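Have a look at the structure below, then the notes.
A, B, ... follow the sequence lines: proteins, then strands. Residue 1 opens every chain. Predicted model only: the values in this text are computed from it and were never measured.
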There are 2 protein chains.
Amino acid sequence: MAPLSSGVLGSLDSTSDRAVFRQIADRLREAIDKGRFKEGAKLPSESELVEHFGVSRMTVRNALSVLQGEGLVHSEHGKGVFVRPRPPVRRLASDRFARRHRDQGKSAFTVEAEAAGSRPEVDNLQVKEERPTRDIATRLGEPRKVLARRRRYLLDGRPVEFAASFLPLDIARDTPIAQPNPGPGGIYARLEELGHRLDHFDEEVRARMPTPAEVKSLHLAAGVPVIHLVRTAYDTEGRAVEVCDTVMAADAYVLAYQLPAN
Amino acid sequence: MAPLSSGVLGSLDSTSDRAVFRQIADRLREAIDKGRFKEGAKLPSESELVEHFGVSRMTVRNALSVLQGEGLVHSEHGKGVFVRPRPPVRRLASDRFARRHRDQGKSAFTVEAEAAGSRPEVDNLQVKEERPTRDIATRLGEPRKVLARRRRYLLDGRPVEFAASFLPLDIARDTPIAQPNPGPGGIYARLEELGHRLDHFDEEVRARMPTPAEVKSLHLAAGVPVIHLVRTAYDTEGRAVEVCDTVMAADAYVLAYQLPAN
DNA sequence: GAGTGGTCTAGACCACTTG
DNA sequence: AAGTGGTCTAGACCACTCA
């Protein structure tokens with residue numbers, strides 16, 4: 001166990017009434033912010049911190065868990081605690097579903113990802129008929145049953161998003177939309193061929209901490225929230241023809257919208 | 001210390017290799033999800049859980065901290081641990097800055113909040129000239145100095161958002177925009193009067209865990225992320241005339257966008 | 001004053017990673 | 001084998017809340 005070079009981390013203020021583990025978290029956070037520990041770098045081990053600050057191990061662990069909760073560091077069993085590198089961010093443009101993007105053979109996700117130099121994958125594709133949840137039913141105008149299309153998206157092997165599309169069954173039954181691969185331009189192209197010319201989309205954006213199931217499915221590190229996006233597609237008759245419910249790893253996305261001033 | 005009625009919480013599976021504190025967190029989460037503890041209800045005390053599960057107090061606290069990290073519960077010193085009530089959500093419509101909303105005397109925030117039956121406040125209003133950060137400078141076309149307008153917004157006494165607007169100094173200096181109260185319609189109305197007719201806005205949306213400063217300023221509970229929104233306003237000449245950097249308590253907001261299909 | 005959560009100690013054993 | 005983080009125990013004292 002190498003001794004910790006003094007000065008990199010300050011010492012504690014015993015007169016302060018700030019809890020010791022918070023002071024330790026503060027020192028480490030400052031050191032990270034000031035670049036004394038760079039992205040991906042290993043923090044001093046728990047034993048080193050115990051010795052340096054003269055506290056018990058639980059106090060050190062408590063401090064480290066604060067930083068984990070902030071998404072600043074992550075731990076690897078048997079290796080150490082590391083400054084979390086910021087992963088490359090995928091930008092979702094608000095015009096990604098515009099009609100002019102729908103003539104290609106590939107999905108929006110695939111095209112965008114390849115343009116950004118990433119390797120896209122789609123996973124766990126599942127298509128089935130089911131009874132809608134209360135929320136989905138309300139958004140779709142109370143259909144008795146819906147067609148559900150679920151899938152997970154990965155970039156360079158990392159799962160980043162999963163999405164579930166719901167369409168009223170009277171629209172989607174026995175159409176290419178009910179096939180695993182709906183064909184070029186995706187389900188929006190098929191909807192238009194079926195006479196549902198799309199007029200506009202509503203998107204609702206929320207952020208929250210993930211459920212345990214989402215942590216597992218998206219391999220989320222501690223301190224990473226999710227963006228929850230619900231998009232409803234309307235045809236020119238004003239009918240809601242699809243709802244897409246998407247959960248994204250927040251550290252992998254930035255959403256970009258362009259709004260007219262008028 | 002009243003005994004814990006059995007059945008509300010299951011018991012542990014000693015054959016499982018899942019950590020005990022995770023199993024306890026799972027039992028509590030299930031009980032909350034199934035409505036056995038409703039919003040605002042108090043969970044069993046730590047001592048009760050210690051007795052019920054036959055583990056040490058640290059193990060129980062570890063389990064509770066998992067649920068706090070998920071934003072499911074919050075603790076109050078001396079009182080107990082409670083199921084987090086979901087606060088009323090403020091909906092931000094994407095047309096909130098459309099020109100037709102700018103003829104009123106009140107700010108968008110005030111009008112919206114009052115319409116929703118909430119009591120709006122603006123706080124910590126601060127206007128000053130400063131050197132832009134790298135990011136702001138890039139977005140605004142590299143002005144040497146900017147006018148910065150910072151403020152915090154509260155709903156029914158709860159801080160929910162703070163925002164900083166930056167404008168190139170050559171546009172804003174010695175105009176009503178440099179006044180604490182820029183007058184009816186806000187700074188966008190003033191910009192148009194100054195000949196900068198607004199064309200469109202770009203918005204970038206991210207979500208992340210808050211910094212300690214944000215936790216303090218927004219009184220954020222554990223397990224509540226922030227939504228970070230950066231809006232750039234462009235005039236009809238294509239010039240960026242304002243950047244607004246906003247940080248919102250994610251449990252208080254849902255952003256709503258309407259996108260044309262074409 | 002009794003009950004609650006907040007902080008901290010000083011150990012222990014385990015699982016994982018690396019040389 | 002040595003070092004790391006993961007889990008858990010059995011205590012202790014404190015600060016806060018409520019009756």
Side-chain angles (χ1 to χ4, degrees), chain A residues 1-4 12-28 37 40-69 72-84 212 215 221-223, chain B residues 1-4 12-28 37 40-69 72-84 212 215 221-223:
Chain A
M1 189 171 79
L4 201 51
L12 301 180
D13 175 1
S14 49
T15 72
S16 165
D17 57 357
R18 187 161 175 80
V20 173
F21 77 90
R22 289 188 202 285
Q23 291 190 50
I24 296 177
D26 292 344
R27 296 296 155 274
L28 289 167
F37 299 109
K42 185 178 166 303
L43 294 190
S45 73
E46 293 180 356
S47 344
E48 286 170 320
L49 293 170
V50 162
E51 188 162 352
H52 179 82
F53 289 112
V55 298
S56 80
R57 186 168 167 227
M58 279 308 299
T59 303
V60 163
R61 283 183 62 77
N62 215 336
L64 290 171
S65 87
V66 169
L67 301 182
Q68 268 203 49
L72 256 186
V73 306
H74 71 110
S75 59
E76 297 181 31
H77 195 170
K79 296 170 78 173
V81 178
F82 301 86
V83 179
R84 262 235 340 263
V215 168
Chain B
M1 188 171 80
L4 200 52
L12 302 180
D13 175 0
S14 50
T15 72
S16 166
D17 57 357
R18 187 161 175 80
V20 175
F21 77 91
R22 289 189 202 285
Q23 291 190 51
I24 296 177
D26 292 343
R27 295 295 155 275
L28 288 168
F37 300 108
K42 185 177 166 305
L43 294 189
S45 73
E46 294 180 355
S47 344
E48 287 171 318
L49 293 170
V50 162
E51 188 162 352
H52 179 82
F53 289 112
V55 297
S56 79
R57 184 166 169 228
M58 279 308 300
T59 303
V60 163
R61 283 182 63 77
N62 214 336
L64 290 171
S65 86
V66 169
L67 300 182
Q68 269 204 49
L72 256 186
V73 305
H74 70 111
S75 60
E76 297 181 32
H77 196 171
K79 297 171 77 173
V81 178
F82 301 86
V83 179
R84 264 242 330 270
V215 167

Next on the checklist: At 4.0 Å (heavy atoms only), tell me whether Arg22(B) reaches a base, stays on the sugar-phosphate, or touches nothing.
Outcome noted: sugar-phosphate
Next on the checklist: Strictly below 4.0 Å: does Thr59(A) bring a side-chain N or O up to OP1 or OP2 of dT7(C)?
Outcome noted: no
Next on the checklist: With a 4.0 Å cutoff (strictly under), does any side-chain N or O of Ser45(B) reach OP1 or OP2 of dT4(C)?
Outcome noted: yes
Next on the checklist: Testing the basics here: between Val55(A) and Leu12(A), what is the closest heavy-atom pair and its distance to 0.1 Å?
Outcome noted: CG1-CD1, 4.4 Å
Checklist entry - To the nearest angstrom, how far is His74(B) atom NE2 from dG6(C) atom C1'? => result 16 Å
Checklist entry - Among the nucleotides dT7(C), dG6(D), dG5(C), which one has an atom lying closest to any side-chain atom of Val81(B)? => result dG5(C)
Checklist entry - What is the distance, rounded to the nearest whole Å, between atom CZ of Phe82(A) and atom P of dT18(C)? => result 8 Å
Item to check | Per Ala19(A) side chain, nearest of listed nucleotides dC8(C), dT4(D), dT9(C) | outcome: dC8(C)
Checklist entry - At what distance, to the nearest 0.5 angstrom, does CG of Leu28(A) lie from CD of Gln23(A)? => result 12.0 Å
Checklist entry - Donor-acceptor pair under 3.5 Å: do we get one between Arg57(B)'s side chain and the base of dT7(C)? => result yes
Next on the checklist: Can you see if the side chain of Ser47(B) gets near the phosphate of dT4(C) - specifically, an N or O under 4.0 Å from OP1 or OP2?
Outcome noted: yes
Checklist entry - Does the side chain of Ser56(A) get closer than 4.0 angstrom to OP1 or OP2 of dG11(C) through an N or O atom? => result no
Item to check | Salt-bridge criterion met for Arg18(A) and Asp26(A) (N-O under 4.0 Å) | outcome: yes
Next on the checklist: Nearest to the side chain of Arg61(A), heavy atoms from C-beta on, is which of dT17(C), dG6(D), dC8(C)?
Outcome noted: dG6(D)
Checklist outcome for this item: Rounding to 0.5 Å, atoms CD (Glu51(A)) and CG (Leu49(A)) come to a distance of 10.5 Å
Item to check | Given DNA chain C, 5'-ward residue of the pair Lys79(A) and Val55(A), judged by closest heavy atom | outcome: Val55(A)
